Structure formats: C-alpha cells, structure tokens
Amino acid sequence: MKYIYIVFTVFAIAFRHCITLNIVAILPFHGRSHFIVQRVYLNELLRRGHNLTVISHFPEKSPPSNYYDVSLAENSTVFENSLLYRQSYVKFLLVSFNMLKYGRESCEVLLSNQNVQQLIRQKPKYDLAIVDQFNTDCGLGLAYKFNAPIVGISANGIMPWLYERFGVPYHPAYVPFQFVGGGRHPTVLQRFERSILNTYTKFIFYFSQKLEQLKVAKYLGEVPPLEEIAKDIKLLLVYNNFVLTGSDIYPSNIISVSGYHVPEAKEVTGDLKSFIEGATHGVIYISFGSLVKTSSLPDNIVTAIIHAISAMPQRFIWKWHNKSQVLDKNKVFIADWLPQIDILAHEKTLAFFSHGGLNGAVEALHYSVPILAFPILGDQPSNAASIEESGLGVQIQGHEITNETLVAALKKILDPQFRENVTRLSRAWHDRPISALNTAIYWTEFVARHPHLNYRNRVVDIPFYQYWCLDILCIYIAIILTFVCLLKIALKMYRIKHIVQDKKHTMKRSKQE
Ligand SMILES: *[C@@H]1O[C@H](CO)[C@@H](O)[C@H](O)[C@H]1NC(C)=O
Ligand SMILES: *[C@@H]1O[C@H](CO)[C@@H](O)[C@H](O)[C@H]1NC(C)=O
Ligand SMILES: *[C@@H]1O[C@H](CO)[C@@H](O)[C@H](O)[C@H]1NC(C)=O
Ligand SMILES: *[C@@H]1O[C@H](CO)[C@@H](O)[C@H](O)[C@H]1NC(C)=O
Ligand SMILES: *[C@@H]1O[C@H](CO)[C@@H](O)[C@H](O)[C@H]1NC(C)=O
C-alpha cells in the first residue's frame with residue numbers, strides 16, 4: 001500500500017511537472033469587454049495548474065498562488081462609458097484611425113510601466129507568451145524579449161489589419177468588413193466602401209506599426225520588425241464561430257473558440273425578480289453596452305423606446321443612465337447596472353434590444369433570446385449583419401428608428417416562430433465535439449508541447465508576383481504568343497505551297513492547251 005502511494009506521488013509530481021507551464025499573458029488593451037472573455041480563459045489555465053503572469057489593466061482582487069499580476073491599471077485611461085454616439089459617415093472613417101491611436105497609447109502605457117520594466121530586468125523564462133491581437137503589436141515586442149512561443153488571442157474576430165500576417169485573404173464580395181454593414185450580402189456600394197476602407201485601414205496600420213516599432217526600440221532595445229514577429233505567432237484563438245458568423249476563410253492555425261465567456265445564470269433577485277415574474281406578456285431587455293455614453297444617444301431613439309414601452313404589452317428592462325425618467329414603473333425597470341446573463345437566461349425574457357456587441361450576441365445566442373441589433377460603432381455593424389444573416393435577430397440602423405419602425409422590428413422578433421428558429425440556432429451553437437473553453441486550452445497547450453513547429457501559412461512568405469500569379473500569367477502569354485506565331489508561320493507556308501501548286505497547275509494547263 002505504501003509503495004503504491006509513493007509511486008502515485010512520484011507519478012503525480014512528475015506528471016504535474018510535465019504539464020505545468022510557465023505562461024505570460026500580455027493584454028495591453030484597456031477595454032473591459034475584452035478582459036471579460038480573456039479572464040475566463042486565463043482562469044481555466046490556472047485551474048489546470050499552470051503558472052500565470054498576467055500583464056493587464058485588470059488586476060485580480062485576491063489572486064490564487066499561481067497567478068501573478070503585473071498591473072497597468074495605475075496609468076490606464078478610462079474606456080468605459082467614454083465614447084460619444086455620433087451618427088455620421090465620418091465616424092466610420094475615424095473608427096480604424098482611433099482604434100490604432102488607442103493602440104499606440106496602450107503601447108506606451110505597457111512599455112513605460114515600472115512593473116513591466118522590472119519584470120524584464122528579472123529575465124524570466126516562459127514556456128508560452130499569450131498576446132492579445134487587437135490594436136497594438138507592442139506586446140509582440142515584449143514576447144520576443146521573453147523568447148517564448150506566441151499564442152495570439154482575440155476577444156472578437158480578426159481585425160482587418162491583421163488578415164495579412166495570418167494569410168487570411170480579404171475579399172470585399174463576401175467577407176464582412178468589421179466597421180461597416182452589409183455582412184455577407186453587400187451591395188455594390190458597400191463592396192466599394194469596404195474595398196476602400198480595407199486599403200485605408202491597412203495604410204494607417206502600416207504607419208501605426210512603424211511608430212510602435214520606435215517605442216519598442218526605445219524601451220526594449222533591439223527587436224526585429226513587429227510584423228515579422230507577428231508572422232511567427234503559432235496559433236490565433238479567435239472569438240467567433242461559424243454558427244453565428246457563417247462559414248469562414250481561416251487557415252488551420254486560426255482556431256475559433258467563441259462561447260466560453262458565458263457563465264451559468266443565477267436566479268434574479270429583489271425588485272427585478274418580482275418585476276420579471278409579474279410580466280404576463282414577457283419582458284424585453286434593452287442595453288447598449290458599456291462603451292458609449294447613453295446620454296449621447298439621439299432623441300429619436302430615446303422617444304421611440306419610450307413609445308414602445310407604452311405601446312406594447314410587454315414589460316421592459318432598460319439599462320439606462322437616467323433613473324429619474326418619468327415612466328410607468330409598472331411597465332419599465334430602469335437601472336444603470338443589470339445582471340445581463342440572469343435576465344437573458346430568464347424564460348420570460350423574449351427579446352434583447354442591443355447595440356450588437358459581440359459578447360451580448362453570444363450571450364443571447366447561448367440562452368436563445370432573439371436580438372434587435374442597433375449597431376453603433378466598432379465591429380458592431382458586422383456583428384449586427386451576422387445576427388441578421390444567422391437568424392438570431394434583425395438589425396435596425398440608428399437613423400431608421402422611429403416610433404413605428406421600432407415597434408414593428410420588436411414585433412418581428414417576438415413572433416413565436418422567430419423564437420423557435422433562434423432556439424434551433426442555439427441548439428446548433430451548443431452542439432460541439434469539444435467545448436469552446438477546452439478547445440482554447442487544448443490548442444494553447446499544443447503550442448507548448450510542440451514549440452519548434454511552425455504553422456505559419458506559406459502565403460505570408462511568397463512574393464507579390466507569385467501570389468498574383470504574374471509569372472504564370474507571363475508563361476500563359478508566352479505560350480499563346482508562340483502558338484499564334486507558329487500558326488501564322490504555318491499559314492504562310494500553306495499559302496506559299498498553294499500558290500506554288502496553283503502556279504504549277506496553271507502552267508501545266510497552259511502547256512496542255
Ligand atoms: C511563476 O511565475 C512567477 C512570476 O513570474 C515566478 O516568480 C515563479 O518562479 C514561477 N513559478 C514557476 C514554477 O515557474
Ligand atoms: C505612471 O505614470 C507616472 C507618470 O508618468 C509614472 O511616474 C509612474 O511610474 C507610472 N506608474 C507605473 C506603475 O509605471
Ligand atoms: C413618438 O412617441 C412619443 C411617446 O409616445 C410621442 O410623444 C411622440 O409624439 C411620437 N412621435 C411621433 C413622430 O409619432
Ligand atoms: C432624465 O429624465 C428627466 C425626465 O424625462 C429629464 O427631465 C432629465 O433632463 C433627464 N436627465 C438626464 C441627465 O438626461
Ligand atoms: C424560421 O425558419 C424557417 C426555415 O429556415 C423559415 O422558412 C421561416 O421563415 C423562419 N421564420 C421566421 C419567423 O423567421
């Protein structure tokens with residue numbers, strides 16, 4: 001018995017040692033919606049016994065013993081509730097510009113941070129570096145310093161400026177462009193729009209990255225071009241799934257892992273509980289997320305919501321800054337914070353009027369609640385298109401919202417048949433061979449198990465002329481030209497022969513005559 005115990009212990013220690021990885025996670029972006037997703041993944045790595053050093057803006061209150069925070073919080077700017085709603089076309093052009101500007105700012109915050117500097121001086125050894133792939137590449141410079149294989153993570157789809165490094169082809173005819181509408185069925189104008197935006201965004205990113213390279217050189221010393229480090233990212237875990245976004249175009253080292261951030265729902269409590277349970281016709285939940293200042297929403301939207309509240313039999317739960325709004329307390333429950341998951345999971349919740357944020361869409365799909373999506377900024381236009389195309393909901397644009405259109409759109413998704421379709425979609429969403437979280441962890445550990453293999457898509461290395469088949473085109477042209485020349489020569493020879501023969505004939509005939 002004793003021997004068995006010893007063997008078991010030795011085995012356990014050996015085995016544990018074998019799988020325990022020393023991991024650094026570099027998350028320079030300060031948006032909480034991203035960290036909500038990433039935190040679940042990090043916690044699962046912890047739960048499996050890995051040693052984690054997390055560089056982020058969100059230090060844990062009481063981290064477990066194998067979790068080390070390197071906090072950027074001291075100098076991070078507030079991102080929540082800070083953006084203004086602007087309903088103009090220029091906004092769309094500014095989106096990519098601003099996102100990359102925020103990226104460079106968070107690069108500075110990351111690299112200049114005293115805690116990060118101290119970490120670099122310690123020269124730690126890591127088995128893996130997990131680096132957020134969003135709007136800055138400075139994390140890659142840091143990962144390079146740590147000399148660890150890199151796993152990229154993204155809390156949404158792939159940003160348009162990152163396509164090239166992973167060898168993802170962009171085609172305006174059927175690949176949605178995150179910042180504008182049209183989804184997979186763009187009109188000719190939308191295709192024109194996204195082809196321009198795609199070029200413009202790449203252009204901005206190119207210069208943004210050059211500026212970051214200077215920052216990296218200043219704080220980290222000599223580091224190869226960031227784009228080259230990026231091409232060596234082993235795997236990218238993206239937060240999407242084809243059930244919601246449709247068939248995709250990714251190479252094998254991009255793994256879709258969407259869905260794991262949604263927690264088990266708890267029962268709603270207090271006033272909210274009695275409000276929901278008292279709703280004989282069900283509940284419609286309204287929330288526009290945490291990025292945009294709700295007070296900056298235009299009046300037509302606010303009046304249309306107020307109208308819908310009085311005109312429809314359902315009760316409404318509204319995440320809104322103005323609790324003193326004079327409205328029938330029997331019809332609407334207003335609060336500036338609400339337990340979204342618990343509300344969506346409640347059987348009385350029939351619809352979700354949302355800004356089309358990815359996390360909210362995934363949560364609604366998880367609990368099969370139809371969405372009315374009103375995209376405001378960022379990736380919301382393409383999310384809203386996915387919501388509509390997948391059948392999870394319908395979308396409405398800000399300028400289209402009036403008293404009548406809002407009620408009509410809500411009625412459309414309240415249709416029991418629509419809901420039945422959403423339930424079917426939700427069943428497909430949950431139907432996977434391995435859960436999203438296990439998939440993410442599996443592929444993360446896979447990289448650590450095979451750190452010397454490289455999975456980069458060959459397309460990132462081949463020269464321009466080969467990608468566009470210019471050399472092959474030249475060969476085709478040469479073959480065709482040769483063929484045409486030969487044909488011409490043959491024809492000429494044929495003609496000469498004929499002429500000679502004709503002459504002989506006529507000569508013969510004239511002799512006979
Ligand atoms: C875990 O990470 C911390 C912080 O980087 C480090 O001090 C410690 O040595 C690591 N432990 C193991 C077992 O790698
Ligand atoms: C935050 O910024 C201030 C001023 O630039 C600097 O003195 C301080 O060291 C920074 N904090 C950290 C943790 O790097
Ligand atoms: C929209 O509804 C609000 C509230 O019911 C009402 O005050 C307003 O006059 C309506 N607007 C239009 C254009 O019908
Ligand atoms: C809140 O709503 C009330 C009543 O509709 C209005 O008078 C007030 O100006 C609003 N306050 C804000 C901050 O929007
Ligand atoms: C539900 O799905 C079926 C089959 O995909 C479709 O024909 C029907 O129109 C959908 N119903 C609604 C209300 O969208």
Side-chain angles (χ1 to χ4, degrees), residues 26-28 30 53-59 68-78 81 84-85 104-122 138-139 142 185 215 218-220 243-244 246 286 288 292-310 316 318-329 331-336 350-352 364-365 368-373 385-396 408-429:
I26 306 169
L27 313 171
H30 55 294
T53 304
V54 179
I55 304 174
S56 83
H57 293 267
F58 306 95
Y68 299 86
D69 265 315
V70 176
S71 172
L72 306 174
E74 192 184 319
N75 287 336
S76 70
T77 43
V78 181
N81 291 317
L84 295 182
Y85 178 90
R104 289 195 304 277
E105 283 165 14
S106 34
C107 171
E108 177 74 31
V109 171
L110 170 74
L111 297 180
S112 68
N113 186 282
Q114 296 302 320
N115 308 327
V116 174
Q117 289 293 333
Q118 197 190 341
L119 185 70
I120 297 169
R121 280 194 294 274
Q122 288 167 357
C138 289
L142 205 50
H185 304 88
K215 282 191 204 294
K218 175 179 161 197
Y219 289 107
L220 302 179
V243 171
L244 178 58
I286 305 175
F288 302 134
V292 172
K293 255 194 180 129
T294 48
S295 57
S296 72
L297 282 186
D299 287 342
N300 70 315
I301 295 165
V302 181
T303 27
I305 291 174
I306 292 171
H307 172 260
I309 289 170
S310 61
F316 287 72
W318 191 6
K319 181 169 178 288
W320 190 242
H321 65 282
N322 192 350
K323 276 186 270 192
S324 62
Q325 194 96 41
V326 273
L327 288 169
D328 184 357
K329 293 274 179 294
K331 281 305 297 290
V332 61
F333 186 100
I334 294 180
D336 53 12
L350 302 180
F352 178 21
L365 182 49
S368 55
V369 180
I371 298 179
L372 174 59
S386 294
I387 287 167
E388 190 163 77
E389 288 169 2
S390 65
L392 175 60
V394 296
Q395 59 171 325
I396 190 164
L410 285 172
K411 278 190 175 151
K412 191 169 171 195
I413 61 170
L414 285 171
D415 177 352
Q417 224 219 301
F418 197 99
R419 198 179 159 73
E420 182 52 40
N421 286 358
V422 171
T423 308
R424 269 202 326 228
L425 191 71
S426 178
R427 247 181 267 137
W429 174 260

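Remember, it's 1-based here, ligands and their atoms both numbered in the order they're listed. Computed from a predicted model, the values in this text were never measured in an experiment. Keep in mind that the numbers below use all heavy atoms, side chains included, and drop hydrogens, waters and symmetry copies.
- Residue contacts with ligand 5, taken as heavy atom pairs separated by less than 4.0 Å, involve Arg424 solely via side-chain atoms from C-beta onward.
- Between the Gln117 side chain and the Leu111 main chain, a donor and an acceptor come within less than 3.5 Å of each other.
- Crowding of Lys412 atom NZ: a count of heavy atoms from other residues, nucleotides or ligands under 6.0 Å not exceeding 12.
- Looking at Asp69, its side chain never comes within 3.5 Å of a backbone N or O of Ile55 through a donor-acceptor pair.
- Here the side chain of Ser426 pairs a donor or acceptor atom with the backbone of Leu365 at under 3.5 angstrom.
- For Glu108, the salt bridge (charged side-chain N to carboxylate O under 4.0 Å, His left out) partners are Lys215, not counting sequence neighbours.
- No N or O atom of Asp415 sits closer than 3.5 Å to an N or O atom of ligand 5.
- Looking at Ser295 and His321, their side chains never bring a donor and an acceptor atom within 3.5 Å of each other.
- Distances below 4.0 Å separate heavy atoms of His321 from the following atoms of ligand 4: 14 (O).
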Close N/O pairs between ligand 2 and protein, under 3.5 Å:
residue  : atom   : partner : partner atom : Å
ligand 2 : 2 (O)  : Asn75   : OD1          : 3.1
ligand 2 : 2 (O)  : Asn75   : ND2          : 2.4
ligand 2 : 11 (N) : Glu74   : OE2          : 3.3
ligand 2 : 11 (N) : Asn75   : ND2          : 3.0
ligand 2 : 14 (O) : Gln114  : N            : 2.8

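- Taking 4.5 Å as the limit, every side-chain heavy atom of Val116 sits out of range of all side-chain heavy atoms of Tyr219.
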